[in-house]
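The figures here come from the full heavy-atom set of this structure, side chains too, leaving out hydrogens, waters and symmetry mates. If you're wondering where the values come from, they're calculated on a predicted model, not measured in any experiment.
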Amino acid sequence: MPDSDDTDVLSSERQHLIESRAALRRMREHTASLQAQGGDRVSTEHLKQVLYRRMKALEDDPTVPLFFGRLDYDAGLGAEHDEVLYIGRRHVVGEAGGEPMVIDWRAGMSLPFYQARPGDPMRVRLRRRFGFHSGRLTAFEDEDLVRETSQVDSQILESEIERPRTGPMRDIVATIQPEQDSIVRAGLAQSLCVQGAPGTGKTAVGLHRAAYLLYAFRDQLSRSGVMVVGPNDSFLSYIADVLPALGEIDASQATITSLVSSATKITIKGFDLVPAALVKGDARMAEVLRRAVWGHLGTASTPLVVPRGAHQWRVPGYVADEIVEELKTRGVRYEAGRAMLPQRLAHRVLLRMEASGDSPDDRVQNAVARSRPVKAYADQLWPPLDPAKLILKLLTDADFLARSAEGILTADEQRAILSRKPARSVAATSWSLADVVLIDEAADLLNRTPSLGHVILDEAQDLSPMQLRAVGRRASTGSVTVLGDLAQATTPWGTRSWRESLDHLGQPDTVIEELVAGFRVPGAVIDFAARLLPTIAPGLRPPHSVRRHRGELDLRRGSATMTGLVQAVRAALDHEGTVGVIVADAAVATVRTALEAQPIGFDVLGEEAQAFATRVELVPASLAKGLEFDHVVLLEPHDIVAGEPDEVTGLRRLYVCLTRAVTSLVVVHSRDLPAVLAA
């Protein structure tokens, strides 16, 4: 039973929560009462959008705590004065004088909640954590940062980290650890790469970094934008609620597929065999495409002749060639040079006119540049190009490919990417993802791709060099946060070195951070999965769990695997939280039938727009990356490994699948486990 003092404290803190929610409601009502009225239609629409975003940011979910911590600043420790601040997901002000009821977790005054420690209290005497259940304040813990000499384990913090979850991913603002916080609060100009083992929170850290940057650099990023790039649509559905829960709705989300498909206006319908995809994704293709584009420049076989009035003005062919070469060596994009060429030719015509005694002005030059003879002559020297048609020609015309790839791709590599049944047109072509990435690269050679202010790239280890280039040019004048785990690289073209990946992204000065302390994956599970690391990623530090509870690991071998799987799912449903049934892709149909025969409701991941509304998800192994479930039932590790083109990739896929569990992992199998796991 709590003593009377604790009861009084809880009552006081609950009252502050009630008053804070009332203040937030008043803030939203005030915003709703405002009218958007600008000086013109465009200004009015802009103000409407500002008010809309403000309303969204002020939405209150009564099931989510409005604040989760408190800091007691002490003047005796260097603070300006004694002050109590409540730390939450958004800033809330009271009626009288606008005094803060809750401080945004991203504000500078909130920093000690994450970074203060005994010996370095950061002007704070006491740190208080609150426990909540369904939005109701139920408990508190105090940490005296002045008197205590060692860190005391926080049951509230541990319970929040391990709390079973339903639905999509949620924010971790109440549990961010110091090493995570340092990454989150790094400046906008600093690009970061986070090598994070399973359960270290790298995805959450990346999303919270996006929220922090949008808060700390709002004016800059409201113009240039923030984008989160994830591995697939299911993953984006899983993380979709995190930023809105933090009051941020301005960050866009994309996959590499949707990113290049949207930019090129081409729907991806085809696929490549691995040998072709490896060549198309190789960084050398960038030089092949550069040659293919700039190889279209011609040479003048005749002089330019411009009739004007009674005269004909001539520009010798060698002069035109010099102009073309000068523009090319300036490093401009292809279309920019093409736009400049008529003006440069017209300028030479004007010099001829002046030499004969005329006094032409800029209007004359513009008229000459727009004249039919100049435009036709410029088109011969610098012809118009379409990026999709260019790639179609490259992949279907053996001679053109040979000229563009000479000394870069071998004859076998050229044959691997040449289409054996070429389509007649761009519209009739079944473009693969690798093809559209090449089209996107070609489009950038023609016209510079607009840059965002910041890009968060998750599961980056699975992208090919050309895919990395596609993401990198979206941040050519901005910064990036790269998230991934080399041990989880499961594509044939996946990276083996972060430095190489960062070079492909165009961000070679990026700082690489490593997270190995696991907060979500229990010790028994991560230790079991880590047996694979010497084989799949021998250079990485093995992760470790910081949780006191080891979790549950159960290896069940038997011949009736479907019966064992159903029993394991039913047992998991007796406990709180989500259940992920992870199987080899080829086994999805069989397992679906087995689950449908039982009174177990489930969704199949990847089939429809994912709402994560059911407790049970049937997860193809290829879609498990980035997700987590309170309980995981994994079927036949042997089949998951065998489903990949080689053993190392298969073991990496298995490593991903094994590390999706937060509380318990049951492995149901009839075949032998991989030898490295059985050791």
Between Phe68 and Phe113, is the ring centre distance below 6.0 Å?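 Ring centroids of Phe68 and Phe113 are less than 6.0 Å from each other.
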Could you tell me whether Arg106 sits above the aromatic face of Tyr212, with NZ or CZ closer than 6.0 angstrom to the six-membered ring centre and within 45 degrees of the axis?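 Relative to the ring axis of Tyr212, which defines the angle, Arg106 lies outside at least one limit.
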Residues which pass salt bridge (charged side-chain N to carboxylate O under 4.0 Å, His left out) with [X], listed by chain and number, not counting sequence neighbours:
X	result
Arg557	Asp672
Arg90	none
Arg592	Glu607
Asp646	none

Any residue meeting side chain to side chain contact (heavy atoms under 4.5 Å, CB included) with Ala489, in chain and number order, not counting sequence neighbours: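 So Ala489 forms a side chain to side chain contact (heavy atoms under 4.5 Å, CB included) with Gln461, Asp462, Arg496, Arg652.
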All side chain to side chain contact (heavy atoms under 4.5 Å, CB included) counterparts of Thr590, not counting sequence neighbours: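 With neighbours one apart ignored, the set is Met562.
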Using the side-chain hydrogen bond (donor to acceptor under 3.5 Å, both in side chains) criterion, which residues pair with [X]? Sequence neighbours excluded.
X	answer
Asp181	Gln115, Arg185
Asn232	none
Asp435	Lys280, Ser432
His669	none

Residue pairs, two or more places apart or on separate chains, that pass side-chain hydrogen bond (donor to acceptor under 3.5 Å, both in side chains) and touch residues 561-574: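 As it turns out, the side-chain hydrogen bond (donor to acceptor under 3.5 Å, both in side chains) pairs with a partner in residues 561-574, which skip direct neighbours, are Arg570-Gln598.
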Sequence neighbours excluded, which residues qualify as ring pair (Phe, Tyr, Trp, His ring centres under 6.0 Å) partners of His208?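 Testing His208 for ring pair (Phe, Tyr, Trp, His ring centres under 6.0 Å), a comparison that skips the adjacent residues, returns Trp105.
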Distance-only, no hydrogens or angles: does the Ser545 side chain make a donor-acceptor pair with backbone N or O of Pro522 under 3.5 Å?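 No, the answer is negative, given that no donor and acceptor are paired below the 3.5 Å cut-off.
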